Number of protein chains: 2
Amino acid sequence: MATGRTHRPATRSRGIPEATVARLPLYLRALTALSERSVPTVSSEELAAAAGVNSAKLRKDFSYLGSYGTRGVGYDVEYLVYQISRELGLTQDWPVVIVGIGNLGAALANYGGFASRGFRVAALIDADPAMAGKPVAGIPVQHSDELESIIQDNGVSIGVIATPAGAAQPVCDRLVAAGVTSILNFAPTVLTVPDGVDVRKVDLSIELQILAFHEQRKAGEEATAQTSAPAPAAARRDSATDQGPDGDVPAVMPA
Amino acid sequence: MATGRTHRPATRSRGIPEATVARLPLYLRALTALSERSVPTVSSEELAAAAGVNSAKLRKDFSYLGSYGTRGVGYDVEYLVYQISRELGLTQDWPVVIVGIGNLGAALANYGGFASRGFRVAALIDADPAMAGKPVAGIPVQHSDELESIIQDNGVSIGVIATPAGAAQPVCDRLVAAGVTSILNFAPTVLTVPDGVDVRKVDLSIELQILAFHEQRKAGEEATAQTSAPAPAAARRDSATDQGPDGDVPAVMPA
DNA sequence: ATGTCTTTGTGAACGCGTGCACAAAGATTG
DNA sequence: CAATCTTTGTGCACGCGTTCACAAAGACAT
């Protein structure tokens, strides 16, 4: 994923491998689609194809949740939807705050699929006083000053950071201090958090750069090197090496 | 991650492990920041801390690129910026098209860090005729009809899909047919592509669900199970299990 | 009830990624 | 030039994740 995973040593909470947890939402999506078509059961083969994974992997993943299949038949779709939802904690309501209502923050706020999975946008928060009160996605934006009280009043434990890079760490610190223990970070920065707080990051720029790497490999398989590398010690600020700044991106997004 | 990674079996292109490739952009960002502060050299320890990784891992990563460090001193910042940029293919210009100019597409188009790393928004494409000609981020939106000609005229090899889920696969097919070989997918769907085409996905909903999983684990460590599981075969469409649809999200975003 | 057929659940092997710990390399000082 | 000190580069071991391949389990037909 995109998305990069975060440094989770080997927490393997209660025996469910992290890699499996990351795939459960994928299965859940495929199962929900089947459920809507009133399909009663699926085989591991069919479901795996729909989720884009190996069938053996899928069976092993499900085996961590328990034995929910019937040999010779497959899995009961409705039952599996329930079990996975429960395992992921989606049977309860998760109030979420979004901090940084720029282009991206607004896009996230408008995201319909948000609410459909147990997530509820409790508040939109921005540092710009001019934004305060302005409704985005039907929810009035509130000023950063109220961050702490919003978190505490609503019992928010999940925060989404969509601020510029420079503001991310301070915002993160305030969120954590106020009681948030899970953070989804869209800002192009490495966040430092105390133990017990989970951080996941979504970084557009990283994804694009990984694509570029493979693209370059695909394209230049024969023409090995065009330009030779410059000397290691000398000042080297020519041509393409000299890209713009990174720490202070103008817009509101991953860099 | 977010991003979730895609099914790349073990391609390990020319000896550089996939995991290392995924970290190179992280190092590059930290190095660029150092470069702006005119820091001449860094130790693996310092750089690793800035990038949020283990120093041994960082050294091993760099060893795949060659021996660019000096023992007793560290790494030459400028030189390393150049080497990583070159390795990632960032010394050349990558024209990119964004398809689906909803909230998210617009956010991506406005993203400044886009251009700073060798990526250039060649065109914005949307299926809505009402959008055609309207400028977003200074670039006029073009209609889907022109997708093929835009790709070919600009030599685009990287496409970003920010459409609703239902439109993603058809758009993907057209992109691939027109010559795109790398796709960054924001739509909540598993895309099917022919061999030789890379797909990476960024899925907000999946990231949130993973956070919810860990959050639930943190919260309910003592209170094991509140509600008992329903019977496997019976109709079960109660309470929280009954979430809304997923395949056809109203907004323009991951689900 | 018996046999056949389908599909699950999992044991075992393998490969990738990570982190430790240390030898080698070079800078630096006397 | 020799000794010391810093920091890289990497051999090695370990653990997680993936995949194969098959035995066990149940459905279904006769």
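Note that this is a predicted model, so its numbers are computed, not measured.
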How close or far is atom [atom2] of [N] from atom [atom1] of [X], stated in whole angstroms?
X	N	atom1	atom2	value
D61(A)	dT19(D)	CG	C1'	12 Å
K57(A)	dA21(D)	NZ	C1'	17 Å
L47(A)	dT6(C)	CG	C1'	17 Å
Y75(B)	dG26(C)	OH	P	14 Å
Y64(B)	dG11(D)	OH	C1'	12 Å
I16(A)	dG17(D)	CD1	P	12 Å
R59(A)	dA23(D)	CZ	C1'	13 Å
E45(B)	dC5(D)	CD	P	19 Å

>> For a quick check of understanding: with a heavy-atom distance under 4.0 Å over all strands, which category does F62(B) fall into, base, sugar-phosphate or nothing?
In response: nothing
As a test of reading the structure: which of [options] is closest to the side chain of [X], going by heavy atoms?
X	options	answer
R23(B)	dT18(C), dT8(D), dG9(C)	dT18(C)
E18(A)	dT8(C), dG17(D), dT8(D)	dG17(D)
S63(B)	dT10(D), dG19(C), dG17(C)	dT10(D)
A19(A)	dG19(C), dT8(C), dT18(D)	dT18(D)
R71(A)	dG9(D), dA25(D), dG19(C)	dA25(D)
V73(B)	dT7(C), dA27(C), dG17(C)	dA27(C)
A56(B)	dG9(C), dT18(C), dC20(C)	dC20(C)
N54(B)	dG19(C), dG9(C), dT18(C)	dG19(C)

> Looking only at heavy atoms, what is the nearest atom pair of R59(B) and S44(B), with distance?
Replying inline: NH1-OG, 3.0 Å
> If you round to the nearest 0.5 Å, how far is OG of S157(B) from NZ of K218(A)?
Replying inline: 8.0 Å
>> Both T20(A) and G72(A) contact DNA chain D. Taking the nearest nucleotide for each, which residue is further toward the 5' end?
In response: T20(A)
> For the side chain of K60(A) and the base of dT18(D), is some donor closer than 3.5 Å to an acceptor across the two?
Replying inline: no
> Looking only at side chains, do Q83(A) and Y79(A) share a donor and an acceptor under 3.5 Å apart?
Replying inline: yes
>> With ring pair (Phe, Tyr, Trp, His ring centres under 6.0 Å) as the criterion, how do Y75(B) and F62(B) come out once you've worked through the C-alpha distance, each side chain's angles and the decisive distance to 0.1 Å?
In response: CA-CA 10 Å; Y75(B) 297 92; F62(B) 286 175; 5.1 Å; yes
> Has S44(B) got a side-chain N or O lying under 4.0 Å from the OP1 or OP2 atom of dT8(D)?
Replying inline: yes
>> Salt bridge or not between E87(A) and R217(B)? Use side-chain N to carboxylate O under 4.0 Å.
In response: yes
